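The structure appears below as structure tokens.
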Amino acid sequence: MNPEMASPSSSSDRRISVLARHLAGVEMDSKNDSISAFPTSGSDNNSVFSHVVRGPEDPILGVTVAYNKDPSPVKLNLGVGAYRTEEGKPLVLNVVRKAELLLVNDRSRVKEYLPITGLAEFNKLSAKLMFGANCPAIQENRVTTVQCLSGTGSLRVGAEFLAKHYLQRTIYIPQPTWGNHPKIFTLAGLSVKTYRYYDPATRGLNFQGLVEDLSSASSGAIVLLHACAHNPTGVDPTFQQWEQIRKLMRSKGLMPFFDSAYQGFASGNLDADAQPVRMFVADGGELLLAQSYAKNMGLYGERIGALSIVCKTADVAARVESQLKLVIRPMYSNPPIHGASIVAAILKNRDLYNEWTIELKAMADRIISMRQKLFEALRARGTPGDWSHIVKQIGMFTFTGLNSKQVSFMTKEYHIYMTSDGRISMAGLSSKTVPHLADAIHAAVKQVV
Amino acid sequence: MWKCFSTRTSRCFSTSASNKALKWWDHVAPAPKDPITSVTEAFLADTSPTKINLGVGAYRDDEGKPVVLQCVKEAEAKIAGCDFLESVSSAVSSKLVEESVKLVYGKNSDIIKEGRFAGVQALSGTGACRLFAEFQRRFYPESQIYMTDPTWSNHHNIWRDALVPERTFHYYHPDSKGLDFSALLDDVKNAPDGSFFLLHPCAHNPTGVDPTEEQWREISYLFKVKNHFPFFDMAYQGFASGDLDRDARSIQIFVEDGNVIGCAQSFAKNMGLYGHRVGCLNVLCNDAKQAVAIKSQLQQIARAMYSSPPIHGILLVSGILSDPNMKALWVKEVKAMANRIQSLRTTLRKSLEQLSSPLNWEHITNQVGMFCFSGLTPEQVDRLLREFHIYMTRDGRMSMAGVTTGNVSYLANAIHEVTKFG
């Protein structure tokens, strides 16, 4: 009931007379008229946001939403890149459980605000993990590392900093790339262009296209690079190709912005997966790096990651860090403590670190074996086409090459949930479910063009 | 200038590009320090045994130590090492939002029953304000935001970075150290119809000056007449009066009057979850259908900023709020925190009066919440720092949570020293 329509009570009268003293300029009798045709004013109780339309569902997260709604017992979620066990369950790493219990049982722990740049110990350890313990850039204090909210948060903070302080506002992203990349960069104020990356014909890298596009990029432009295990294609440059990319970028003064979401998942070895980034640091040049612990430590929900900027001098690094704080403070003041504490506890303890590398390798190995099994299952069915890219591609995802019609078919007829670009998360497969997926792909390829 | 590195992939690398790279950041100036967090940084670096931190608004016990609430410890023991590390499931999200929103509108509110609100978790109060500021800019690109003079320093940064221009409206009266009510109403009246206002529903930061319930009613009525949009930033629910429901009364008055509002909530202070970044943003809607639309837009903004909020704090808050026993314990603990602060306000004021201070210190007990807007000048604040190792922001805002029975006499003496000559 609209209180204004209620019959005047003495308290309303009192309020009106008090207001009359203040509102000399407003005609009290025409208070209804003063609900003017101002654009933002709804009538009476109407929200000023009545004109807001529903935003489109996020294409990746929307897959899980649709999957959850499906009652079929054979449904398969190959959408979001979250690791699953052979039993199809999410996995909390043992080493993470250990770390969490350590934290909970430590009576001296408090929940105070972290500094704006996050947990210092975490920052140092993260930089070492990616750049190497003996990295000269770290020893020379040329690296600033700030804790951010996983990969997304690190990318956003880095992009906002670049939009404010870097002399070039264009970022080149590979085609294709993670669906959230263009949104992050655009909202941060950068202008987004693409460079050729994936070759549908070979289901591998379009290296020539990549070189051509980066060669014609304007000098100083920012270039987004997936450090390893490219999302969504699983196609990574070889070391030789990385070296050529590095040379080309340095000759044009292109600014590398690495997104590392899968360190340890590509080959199963953390140092091997860090090589491309380390190549760029070793040449003495500058770069940005977004790191995420969502996948390789299974800390998805804790939103733990780091942004590092490698600078030419320690003085520049210090100034850059101070400016990063100005980006972060008005966004969320300071980052969340829990995930950082877990990661730091693991990285700084030799035993826990070793345990982690073993569990990480086991996850990577399971994914590699799923690739092998799927490949063999398709071969056994005589599915038309060359499916070797399934075992050649790297990391959590396989870019199957299936088109969106085939994908819809597989969802409808086989209850397979995946993104419409044909990307499947291998982590969502198990030995038990591989045959069902192989059947679905086989049927899609034969029946749908 | 060339450098060689003796790693496996070493190169002696030198091109004109690296010279060019040297120039890229030359223009990056050192950023100004944050006026609030820099106080804590300086405090931590101070080795004086008598130092007192009255800077950031974080609760301390009577030994000056940070507190982890008992209800939080219990909640945490329950979830330690559990299978909850995936991105927040929608069931967990909804639980948190539902329970948070009950704190704002009352658990039996029709708004909740009818789903007439769009609610999302946010990164504490800052994150909730930023989400709303971005949302405001997206759907009202020409709008401005009116903020109290003064307000929390980070409010300016938040709306500025969201590209929403700000204006201020009268609030604090430096002479009375109370509310400048008639000027406030004038400003509200003179603002163009349908303006956006940022209000503190209780325990105003930095002044500790809150309107009375009667004054809130007048403000609300005027808002309705002017069709202004009130956005409430509630960071201290429970700290103003010690009673959570009472502290949300101002919001409920606005809602009862038919104002359609937005509200940012923080669990940093009242649940002591500072570092976990847990909060909630809600926007009232016409109906449940519109709520879906608005929520989807808010989620989109968050998705491009940090994807989803950190789960640990969410589990703690929803665990506490949805368990009647834990919630009851929490309510008691909030009251205890508020009471301690209140009693130290009384002690500090008495101490200053007993020292025969020439100044009027009534505002110490008139102001509510965590802060006392002391009226000290920047020069006096600097003296307190240099001579007594007492830290506060230069606007003279003291976090009363940092005052203890152990340090209140020292504090009173110090304040008296720097103010006794007026």
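Quick note on labels: first sequence line is chain A, next is B, and so on, each numbered from 1. The model shown is predicted, which means the values in this text are computed figures rather than measured ones.
- Of all non-hydrogen atoms in B/Arg303 and A/Thr152, the two that sit nearest each other are O-CG2, 3.4 Å.
- Your options are B/His228, B/Lys289, B/Arg60, and the one with the most heavy-atom pairs under 4.5 Å with chain A is B/Arg60.
- Heavy-atom pairs under 4.5 Å with chain B peak, among A/Leu149, A/Thr64, A/Asp315, at A/Leu149.
- Taking CG from B/Leu316 and NE2 from A/His338, the interatomic distance works out to 8.0 Å, rounded to the nearest 0.5 Å.
- Neither the backbone nor the side chain of B/Lys295 has a heavy atom closer than 4.5 Å to any heavy atom of chain A.
- Only the side chain of B/Glu41 has a heavy atom closer than 4.5 Å to any heavy atom of chain A.
- The CG atom of A/Asn180 lies 12.0 Å from the CE atom of B/Met305; values are rounded to the nearest 0.5 Å.
- Most heavy-atom pairs under 4.5 Å with chain A: of the set B/Ser307, B/Ala128, B/Gly127, this distinction falls to B/Ser307.
- Using a 4.5 Å cut-off between heavy atoms, A/Lys89 does not touch chain B at all.
- For B/Asp161, the side chain to side chain contact (heavy atoms under 4.5 Å, CB included) criterion is met by A/Lys164, A/Pro330, B/Arg130, not counting sequence neighbours.
- Taking A/Lys183, A/His51, A/Glu160 one by one and counting their heavy-atom pairs under 4.5 Å with chain B, the maximum is reached by A/His51.
- The closest donor-acceptor contact from the side chain of B/Arg277 to the backbone of A/Tyr332 lies under 3.5 Å.
- Rounded to the nearest 0.5 angstrom, B/Cys129 SG and A/Met331 CE are separated by 14.5 Å.
- At a 4.5 Å heavy-atom cutoff, B/Val278 makes no contact with chain A through either its backbone or its side chain.
- Counting all heavy atoms, side chain and backbone alike, A/Ile337 lies closest to B/His276 at CG2-CE1, 3.6 Å.
- One finds the CZ atom of A/Arg329 at 8.0 Å from the CD1 atom of B/Ile158 (value rounded to the nearest 0.5 Å).
- By number of non-hydrogen pairs under 4.5 angstrom with chain B, the leading residue of A/Pro336, A/Ala99, A/Ala294, A/Cys148 is A/Pro336.
- Using a 4.5 Å cut-off between heavy atoms, B/Leu284 touches chain A through its backbone atoms (N, CA, C, O) alone.
- Heavy atoms closer than 4.5 Å to chain A are found in the side chain of B/Arg160, but not in its backbone.
- Salt-bridge check for A/Lys111 with B/Glu76: passed, with a basic side-chain N closer than 4.0 Å to an acidic carboxylate O.
- When the side chain to side chain contact (heavy atoms under 4.5 Å, CB included) test is applied to B/Ser266, the partners found at least two apart in sequence or on another chain are B/Ser124, B/Ala235, B/Ala268.
- Using a 4.5 Å cut-off between heavy atoms, A/Pro56 contacts chain B through both its backbone and its side chain.
- For A/Leu103, no part lies under 4.5 angstrom from a heavy atom of chain B.
- Using a 4.5 Å cut-off between heavy atoms, A/Val104 contacts chain B through its side chain alone, with no backbone atom that close.
- Across every non-hydrogen atom of B/Ala304 and A/Ile184, the tightest pair is O-CG1, 3.7 Å.
- Ion pair B/Lys65/A/Glu112 not flagged as a salt bridge, since none of the NZ, NE, NH1 or NH2 atoms sits closer than 4.0 Å to an Asp/Glu carboxylate oxygen.
- At a threshold of 4.5 Å between non-hydrogen side-chain atoms, the residues B/Phe135 and A/Val52 count as touching.
- The contact between B/Phe229 and chain A is made entirely by side chain atoms (from C-beta outward), counting heavy-atom distances below 4.5 Å.
- B/Lys33 contributes atom NZ, which lies 9.5 Å from atom CD1 of A/Ile116 (distance to the nearest 0.5 angstrom).
- With a 4.5 angstrom heavy-atom cutoff, A/Leu187 touches chain B only via side-chain atoms.
- Ranked by non-hydrogen atom pairs under 4.5 Å with chain B, the options A/Gly305, A/Ser322, A/Ala188 are led by A/Ser322.
- Each of B/Asp34, B/Thr126, B/Thr37 was evaluated against A/Ser333; a single residue qualifies, B/Thr126, per the side-chain hydrogen bond (donor to acceptor under 3.5 Å, both in side chains) test.
- Side chains of A/Leu326 and B/Pro32 form a contact here, defined as non-hydrogen atoms less than 4.5 Å apart.
- Counting heavy-atom pairs under 4.5 Å between each of B/Ile301, B/Asp110, B/Val68 and chain A puts B/Val68 at the top.
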